[in-house]
Chemist: 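Can you keep this structure in mind? I'll have questions shortly.
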Amino acid sequence: MGTVLAVSGLSKSFGGVRAVQNVSFEVGEGELLAVIGPNGAGKTTCFNMVNGQLTPDGGSVRIGGTETVGRKPREIWRMGVGRTFQITATFASMTVRENVQMALLSHHRQLSRLWHRTSTLHRTAAEKLLARVGIAEQAERACSVLAYGDLKRVELAMALANEPRLLLMDEPTAGMAPKERIALMVLTSEIVREQGIAVLYTEHDMDVVFGHADRVIVLNRGELIASGTGDEIRANPQVRQVYLGSRGDA
């Protein structure tokens, strides 16, 4: 299993607050790595440095062996990084298929062709992606009328349109019903293993974490305090003390 994402010594401070301190981890092809920890642990800061939204004070982020620190999010997207968000990011007035077509236009660097009939561009590819995420029958519906669980699937299809080698998922099941959460994560696991995509995700729901992650890393006050399989993390005394044994959110 080749390494897709390699993070080494990542650090970030805001004023006198050290949000992330010397964090290192790797994610391989076809692997799902979950990041958990109490509120204020540094998860979002770490996530945003990997994505290029924040520039670290120190450390390295390599994607496919290429250093990305200092690159803009758009440049990192071009390197084959997809992202989904806690709150779905779709164009509400456009149809499901048009949303995926927009993502395909971006991937193929054809956004200048928006003045043309967008509905004719990459239509077949969009429909294949929608079929893969299980919502082909929703293609002609506006995103504004979709159920929330279906919106999450649209967003996944849009992320896959970039043909990512790394997928960043920020609380992918937030706001979903329990059955929808399981179905989405089973689908995601199938796709990433089929295509060899590396996945880094944050999540509040521990069933989603321990039921689907190959490995888990735990942050607390900006520091990496544990890394291992689900069973190893459950059994870790420090993790149980600062997180699993308390009511702290992930």
Side-chain angles (χ1 to χ4, degrees), residues 1-12 18-51 56 59-64 81 83-84 86 164-174 176 178 181-250:
M1 182 175 62
T3 298
V4 176
L5 173 65
V7 172
S8 178
L10 207 59
S11 299
K12 182 70 176 180
R18 292 187 294 179
V20 174
Q21 305 177 53
N22 196 33
V23 169
S24 301
F25 60 86
E26 295 183 351
V27 191
E29 297 173 355
E31 181 181 32
L32 286 88
L33 177 67
V35 185
I36 66 172
N39 284 334
K43 303 184 304 298
T44 299
T45 300
C46 189
F47 215 73
N48 287 337
M49 285 191 286
V50 171
N51 192 49
S60 171
V61 178
R62 292 183 175 272
I63 297 173
V81 179
R83 181 165 183 180
T84 68
Q86 180 179 355
R165 49 182 167 174
L166 172 65
L167 182 58
L168 305 175
M169 305 182 77
D170 187 5
E171 297 188 28
T173 68
M176 299 178 72
R181 293 176 184 176
I182 294 170
L184 181 67
M185 291 309 297
V186 167
L187 172 66
T188 301
S189 298
E190 290 175 353
I191 291 172
V192 302
R193 292 191 170 101
E194 284 173 4
Q195 301 182 17
I197 302 170
V199 177
L200 177 68
Y201 72 102
T202 62
E203 183 56 62
H204 277 76
D205 188 324
M206 290 300 98
D207 289 335
V208 171
V209 170
F210 293 121
H212 300 281
D214 296 298
R215 291 186 299 117
V216 182
I217 60 174
V218 185
L219 300 180
N220 185 46
R221 297 181 180 179
E223 296 183 335
L224 180 63
I225 64 169
S227 175
T229 65
D231 288 342
E232 290 169 340
I233 295 300
R234 283 193 185 99
N236 186 295
Q238 188 177 9
V239 175
R240 295 180 66 85
Q241 180 181 357
V242 303
Y243 181 50
L244 294 177
S246 71
R247 284 189 65 186
D249 289 335

Chemist: For N220, give me all partners under side-chain hydrogen bond (donor to acceptor under 3.5 Å, both in side chains), at least two apart in sequence or on another chain.
Modeler: none

Chemist: Work out which heavy atom in G37 is nearest to a heavy atom in V218; give both atom names and the distance.
Modeler: CA-CG1, 4.5 Å

Chemist: Could you tell me if the side chain of V192 sits less than 4.5 Å from the side chain of E31, heavy atoms only?
Modeler: no

Chemist: Who passes side-chain hydrogen bond (donor to acceptor under 3.5 Å, both in side chains) against T173, sequence neighbours left out?
Modeler: E203

Chemist: Sequence neighbours left out, what passes side-chain contact (heavy atoms from CB on, under 4.5 Å) with R221? Give chain and number order.
Modeler: none

Chemist: Considering the options L32, L33, L167, which one meets the side chain to side chain contact (heavy atoms under 4.5 Å, CB included) requirement together with L200?
Modeler: L33

Chemist: Looking only at non-hydrogen atoms, find the nearest pair between A226 and V239 and report the distance.
Modeler: CB-CG2, 3.4 Å

Chemist: Residues in side-chain hydrogen bond (donor to acceptor under 3.5 Å, both in side chains) with S227, at least two apart?
Modeler: none

Chemist: Run the side-chain contact (heavy atoms from CB on, under 4.5 Å) test against A19 and tell me which residues pass, sequence neighbours left out.
Modeler: F14, T45

Chemist: For the OG1 atom of T229 and the CG atom of D231, what is their distance to the nearest 0.5 Å?
Modeler: 5.0 Å

Chemist: Under a 3.5 Å distance rule, please check whether R181 uses its side chain to pair with a backbone N or O of M176 as donor and acceptor.
Modeler: yes

Chemist: Quick one: list whatever passes side-chain contact (heavy atoms from CB on, under 4.5 Å) with E26, sequence neighbours left out.
Modeler: T3, A6

Chemist: Taking atom CG of L224 and atom CD of Q21, what is their separation to the nearest 0.5 Å?
Modeler: 11.5 Å

Chemist: So, for D205 and D207, which heavy atoms are closest and what is the spacing to 0.1 Å?
Modeler: OD1-N, 2.8 Å

Chemist: Any chance you could measure F25, atom CZ, to R215, atom CZ, to the nearest 0.5 Å?
Modeler: 9.5 Å

Chemist: Tell me every residue that passes side-chain contact (heavy atoms from CB on, under 4.5 Å) with S24, counting only those two or more places apart in sequence or in another chain.
Modeler: S8

Chemist: Using every non-hydrogen atom in the two residues, find where V23 and G222 come nearest and quote the distance to one decimal.
Modeler: CG2-O, 3.5 Å

Chemist: Rounded to the nearest 0.5 Å, what separation is found between the CG atom of L219 and the CZ atom of F47?
Modeler: 12.0 Å

Chemist: For the atom pair CD (E29) and CG (L5), what is the distance rounded to the nearest 0.5 Å?
Modeler: 12.5 Å

Chemist: I need the I233 CD1 to I225 CD1 distance, nearest 0.5 Å.
Modeler: 8.0 Å

Chemist: Hey, does the side chain of R240 reach the backbone of R234 with a donor-acceptor pair shorter than 3.5 angstrom?
Modeler: yes

Chemist: Work out which heavy atom in M169 is nearest to a heavy atom in T188; give both atom names and the distance.
Modeler: SD-CG2, 3.8 Å

Chemist: Is the side chain of T202 donor-acceptor paired with the backbone N or O of D170 at a distance under 3.5 Å, no angle test?
Modeler: no

Chemist: For R193, what residues pass the salt bridge (charged side-chain N to carboxylate O under 4.0 Å, His left out) criterion, not counting sequence neighbours?
Modeler: D214

Chemist: Near R18 CZ, under 6.0 Å, is it more than 12 heavy atoms from other residues, nucleotides or ligands?
Modeler: no

Chemist: If I compare all heavy atoms of A198 with all of V27, which pair ends up nearest, and what's the gap?
Modeler: CB-CG1, 3.7 Å

Chemist: For the backbone of V35 and the side chain of K43, can you confirm whether one donor and one acceptor N or O come within less than 3.5 Å of each other?
Modeler: no

Chemist: Name all residues meeting the side-chain hydrogen bond (donor to acceptor under 3.5 Å, both in side chains) criterion together with R165; count only those two or more places apart in sequence or in a different chain, and write none if there are none.
Modeler: none

